[in-house]
2 protein chains.
Amino acid sequence: MSKNCNFIEKLREVGLRPTKQRVKMCEVLYNREKTFHFTINDLVKLLSEKMNQKISLATVYNTVHAFEKKGYLKEISIDSHKSYFDTNTSAHHHFFDEDTHELIDCDESDIDKINIRKNITGKKINSVEVLVRVASDNQTQK
Amino acid sequence: MSKNCNFIEKLREVGLRPTKQRVKMCEVLYNREKTFHFTINDLVKLLSEKMNQKISLATVYNTVHAFEKKGYLKEISIDSHKSYFDTNTSAHHHFFDEDTHELIDCDESDIDKINIRKNITGKKINSVEVLVRVASDNQTQK
DNA sequence: TCAATAGTTTAGAATTATTATAATGTAGAT
DNA sequence: ATCTACATTATAATAATTCTAAACTATTGA
Ligand SMILES: [Mn+2]
Ligand SMILES: [Mn+2]
Ligand SMILES: [Zn+2]
Ligand SMILES: [Zn+2]
């Protein structure tokens, strides 16, 4: 979904009722310049800051999964312990900052197209994604 | 750890007491031809099949994490909902079969070396790993 | 306009994976 | 054989997520 789009209309278009919770979540998720990467916890915190009435945790989960199913969010696996989501649903690569636990999108130009030479019989490739883990390069004095 | 190595000696070398639970876990994990990819659940099932006395779940977790800390297991993130481990601790890429939830190692020759053009100030690259998701290519008849 | 209805929200309970606790057991040293 | 630090274990605790069922509401069409 694009910044400053009419979320009420957009939700209707994809067959989701434009409730105030969903509209507010759209605003928080999509009214921004750049891709947003978040955990459910991040999102709950943001929502409680930006809304007078709190949205229930169950609704946040329901809505995130509803948006994911409609193709407006994508789940990213970087940590086996919690789920990360991404408002950029296209195929793309990531940097993951192991200090801050932040995800950063790669541009097309950052990494060449990956060429897969192996073929698994009877299987087709659904996605090819690179994860670059980075961390502070401060050395402990030697 | 290599196949048919002396696990008792090996454990001692790295400062882990060679208890019967640890030795049995070594056998199950490392006495095989190929890399072993598993979840804790897989491992518990295997162990209970191959051992008369059962190993407690807490011990399985403790031991897996002990082996990971010593560099004999590596955690792989493909699914935010459970942890996968890998007896191949070197830097390498994976195929993930979304039908069977099986991980398959890539060889060096399967994917060219990834060239990262982007640089994140003050951060060094710890790892670059590719995950290729595959699934059955049966089409629903058109 | 205003019920009827289907879809939505919600609090709280349930489930699942994982970690912590603390009592018991044991490998290796003396 | 005894000691002691380290390990194992059952169980409880925690954390993330999903389920449930009752209350609520957006939309429809009489
Ligand atoms: Mn999920
Ligand atoms: Mn872990
Ligand atoms: Zn992204
Ligand atoms: Zn592997």
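To find a chain, count down the sequence lines: A is the first, B the second, and so on, and within it residues start at 1.
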Problem - SB check A:Lys123 B:Asp99 (cutoff 4.0 Å) - result: yes

Under 3.5 Å, N/O pairs linking protein and nucleotides 5-7 of chain D:
residue: D:dA5; atom: N3; partner: B:Arg17; partner atom: NH2; Å: 3.4
residue: D:dC6; atom: O4'; partner: B:Arg17; partner atom: NH2; Å: 3.3
residue: D:dC6; atom: O2; partner: B:Arg17; partner atom: NH1; Å: 3.3
residue: D:dA7; atom: OP1; partner: B:Arg22; partner atom: NH1; Å: 3.1
residue: D:dA7; atom: O5'; partner: B:Arg22; partner atom: NH1; Å: 3.2
residue: D:dA7; atom: O5'; partner: B:Arg22; partner atom: NH2; Å: 3.4

Handout entry: Side-chain N or O of A:His65 closer than 4.0 Å to phosphate OP1/OP2 of D:dT17
Key = no

Handout entry: Length of the line joining B:Leu43:CG and C:dT18:P, which is rounded to integer Å
Key = 12 Å

Practice task
Might you work through the salt bridge (charged side-chain N to carboxylate O under 4.0 Å, His left out) test for B:Asp105 and B:Lys34, ending with a clear yes or no?
Solution key: CA-CA 10 Å; B:Asp105 276 359; B:Lys34 300 201 320 179; over 6 Å; no

Fill in the blank from the handout: Test side chain to side chain contact (heavy atoms under 4.5 Å, CB included), reference A:Phe67, set A:Thr87, A:Val14, A:Leu73, output is A:Leu73

Fill in the blank from the handout: Note: for A:Asn62 and B:Arg12 on DNA chain C, the residue whose nearest nucleotide lies more 5' is A:Asn62

Problem - Among D:dT11, C:dA11, D:dA26, the nucleotide that comes nearest once only the side chain of B:Ala58 is considered - result: D:dT11

Practice task
Report which part of the nucleic acid A:Asn41 touches: base, sugar-phosphate, or nothing (heavy-atom distance under 4.0 Å, all strands).
Solution key: nothing

Exercise for the section: Look at the rings of A:His92 and A:His37 and say which category their plane angle falls in: under 30° parallel, 30 to 60° tilted, over 60° perpendicular. Expected result: tilted

Problem - Side-chain donor/acceptor of B:Ser48 to backbone N/O of B:Lys45, under 3.5 Å - result: yes

Exercise for the section: Figure out the CZ/P separation between B:Phe38 and C:dA17, and round it to whole Å. Expected result: 16 Å

Exercise for the section: Residues of residues 47-55 of chain A with any non-hydrogen atom less than 4.0 angstrom from an atom of DNA chain D: list those, numerically ordered, please. Expected result: none

Exercise for the section: Answer yes or no: does a side-chain N or O of A:Tyr61 lie under 4.0 Å from OP1 or OP2 of D:dT17? Expected result: yes

Completion exercise
Assert: residue with more 5' nearest nucleotide on DNA chain D, out of B:Thr63 and A:Ile8, is B:Thr63

Practice task
Could you label the plane-to-plane angle of the A:Tyr30 and A:Phe7 rings as parallel, tilted or perpendicular, counting under 30° as parallel and over 60° as perpendicular?
Solution key: tilted

Practice task
Respond yes when some side-chain nitrogen or oxygen of A:Ser83 is under 4.0 Å from OP1 or OP2 of D:dA16, and no when none is.
Solution key: no

Practice task
Kindly check if the number of other-residue, nucleotide or ligand heavy atoms within 6.0 Å of NZ (B:Lys3) is above 12?
Solution key: yes

Exercise for the section: Decide whether A:Ile104 and A:Phe36 are clustered together by the hydrophobic rule: side chain heavy atoms of Ile, Leu, Val, Met, Phe, Trp, Tyr closer than 4.5 Å, transitively. Expected result: no

Exercise for the section: Look only at the side chain of B:Lys74 and the backbone of B:Ser90, and say whether a donor-acceptor pair between them is shorter than 3.5 Å. Expected result: yes

